[in-house]
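As the structure is a prediction and not an experimental result, all values here were calculated from the model. A note on names: the letters A, B, ... follow the listed sequences, proteins ahead of strands, and every chain is numbered from 1. As a basis for the values below, the full set of heavy atoms in this structure was taken, side chains included, without hydrogen atoms, waters or symmetry mates.
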There are 2 protein chains.
Amino acid sequence: MDVENYEKVCTAARNFFIGKGLRQTSQRNAIIAAAFSTQEYFSAEGLLHMAQAIDPSVSRATVYRNLPLLLESGLLRELDLGDGIQYYDPKFVEHPTHHHMICVDCEKIIEFEDTNIELLENCISRRLGFSPANKMLRIKGHCDELRLHGNCLRRREQET
Amino acid sequence: MDVENYEKVCTAARNFFIGKGLRQTSQRNAIIAAAFSTQEYFSAEGLLHMAQAIDPSVSRATVYRNLPLLLESGLLRELDLGDGIQYYDPKFVEHPTHHHMICVDCEKIIEFEDTNIELLENCISRRLGFSPANKMLRIKGHCDELRLHGNCLRRREQET
DNA sequence: ATCTATGCAAATAATTTGCACAATG
DNA sequence: CATTGTGCAAATTATTTGCATAGAT
């Protein structure tokens with residue numbers, strides 16, 4: 001995320017809190033700043049560490065109390081990678097329709113957007129009598145890199 | 001699931017265990033019988049209760065130890081409804097490509113299959129250099145029933 | 001000054017694990 | 001009868017909550 005966008009998202013988050021009549025605290029601002037400072041998804045624990053790097057007074061409880069609010073704002077989304085840990089993805093503001101492709105062998109994650117999938121999802125939703133609000137598609141499979149060459153970039157990183 | 005199919009799936013599960021060189025125990029058979037006795041998804045705790053109804057000696061630990069094996073067999077799949085609880089869906093044998101549509105208001109869940117989605121998922125996977133193995137699509141939205149009439153079947157059930 | 005938000009630590013919930021014994025192949 | 005699978009209870013991990021106090025409006 002470029003700096004301009006980063007500022008925009010942080011401001012949007014702060015405005016969301018203000019709009020709900022909630023207070024601005026240094027801890028909340030640190031959590032917001034931390035959450036959108038990265039392009040990577042993170043766990044609650046990861047967000048705690050990033051937020052503490054900005055404001056050491058941020059506690060685990062505060063992170064857990066503010067995460068549901070950020071989800072409600074729509075600026076952050078839950079991400080299930082299938083390993084039992086709850087992750088959060090800050091990239092939905094810029095890429096609201098992106099999905100995830102995961103290699104079961106090397107655990108590489110590729111993000112993709114596709115207009116056809118998007119249209120089809122909306123079409124199916126309407127056919128079933130729904131107004132879609134939140135769509136999540138996760139495909140797990142085997143990447144060619146590992147399957148064809150017996151090795152791949154991610155795999156080598158892991159073995160290091 | 002009709003009786004014929006139920007027997008088929010249970011046999012497939014037992015054969016999977018045998019094929020892995022694992023032993024047949026009354027607890028495992030109870031867990032298999034319980035898991036595929038229903039059309040509904042269930043939690044680990046729910047499976048425990050169903051299995052105990054068949055064989056009271058089944059313990060929670062055994063359920064947790066056998067669940068990963070059933071997932072590995074492909075006869076059972078994880079299902080994330082977004083409420084933080086891990087569910088398991090036994091219907092993937094009969095409907096391997098089904099997906100879930102969830103109403104955020106009344107929590108109604110509709111299952112659907114769609115050939116176009118299926119094709120598109122495969123197409124995208126190949127384009128990204130993957131052989132797809134496991135696809136999960138979950139759409140959350142608002143059902144017309146509740147949106148238009150201010151009430152719906154599920155909603156009334158909940159309020160009872 | 002009022003009242004929300006926080007830190008801390010205890011509580012809860014879901015899952016995993018060590019160990020002695022039971023039961024399969 | 002050798003070895004795997006199990007029950008039990010304790011351990012671990014992730015998350016939530018009660019309470020006294022700090023701090024925003």
Would one find a side-chain N or O of A/S59 under 4.0 angstrom from OP1 or OP2 of C/dT6?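 So the side chain of A/S59 is outside the cut-off, no N or O lying under 4.0 Å from OP1 or OP2 of C/dT6.
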
Examine D/dT6: is either OP1 or OP2 under 4.0 Å from a nitrogen or oxygen in the side chain of B/T25? Give yes or no.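 Yes, because at least one side-chain N or O of B/T25 sits under 4.0 Å from OP1 or OP2 of D/dT6.
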
Given atom [atom1] of [X] and atom [atom2] of [N], what is their separation to the nearest angstrom?
X	N	atom1	atom2	answer
A/K20	D/dT25	NZ	P	17 Å
A/N29	C/dT6	CG	C1'	14 Å
B/Y88	C/dA14	OH	P	12 Å
B/F17	C/dT24	CZ	C1'	15 Å
B/R60	C/dT17	CZ	C1'	15 Å
A/L48	C/dC8	CG	P	11 Å
A/I18	C/dA5	CD1	P	13 Å
B/F42	C/dA14	CZ	P	16 Å

For B/F92 and B/H98, I'd like to know if the aromatic rings sit close, meaning centre-to-centre distance below 6.0 Å.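 Centroid distance B/F92-B/H98: below 6.0 Å, so yes.
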
Treating Ile, Leu, Val, Met, Phe, Trp and Tyr as nodes and any side-chain heavy-atom pair under 4.5 angstrom as an edge, say whether B/L120 and B/I139 lie in one connected cluster.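 As far as the 4.5 Å side-chain criterion goes, B/I139 and B/L120 are connected within one cluster.
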
Joint hydrophobic cluster, B/L81 plus B/F112, side-chain heavy atoms closer than 4.5 Å: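 In one cluster: no.
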
So, taking the atom named CD in B/E145 and the one named CG in B/D105, what distance separates them when rounded to the nearest 0.5 Å?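 These two atoms lie 11.5 Å from each other.
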
Roughly how far, to the nearest 0.5 Å, is the CG atom of B/D89 from the CD atom of B/E40?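 Reported value, rounded in 0.5 Å steps: 9.0 Å.
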
Could you check whether the side chain of A/R23 and the base of C/dC3 have a donor-acceptor pair of N or O atoms closer than 3.5 Å, going by distance alone?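 Result: at least one qualifying N/O pair found.
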
Which heavy-atom pair separates A/R23 from A/R28 by the least distance, and what is that distance?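 Closest approach of A/R23 to A/R28: O-NH1, 2.7 Å.
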
Which atom of B/L71 lies closest to which atom of B/L76, heavy atoms considered: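 Taking every non-hydrogen atom into account, CD2-O, 3.4 Å.
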
Using heavy atoms to find the nearest nucleotide of DNA chain C for B/Q27 and B/I85 separately, return the residue whose nucleotide is more 5′.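 The answer here is B/I85.
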
Which residue, B/A61 or B/Q24, contacts DNA chain C at a nucleotide closer to its 5' end, judged by nearest heavy atom?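 On the 5' side of the pair lies B/A61.
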
Check DNA chain D against residues 63-83 of chain A and give the residues with a non-hydrogen atom under 4.0 Å, in numerical order.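 Residues of residues 63-83 of chain A that come under 4.0 Å of DNA chain D are, in numerical order, A/Y64, A/R65.
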
Looking across every strand, which nucleic acid part, if any, lies under 4.0 Å from A/Q86 by heavy atom: base, sugar-phosphate, or nothing?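 Counting heavy atoms under 4.0 Å across all strands, the contact made by A/Q86 is with sugar-phosphate only.
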
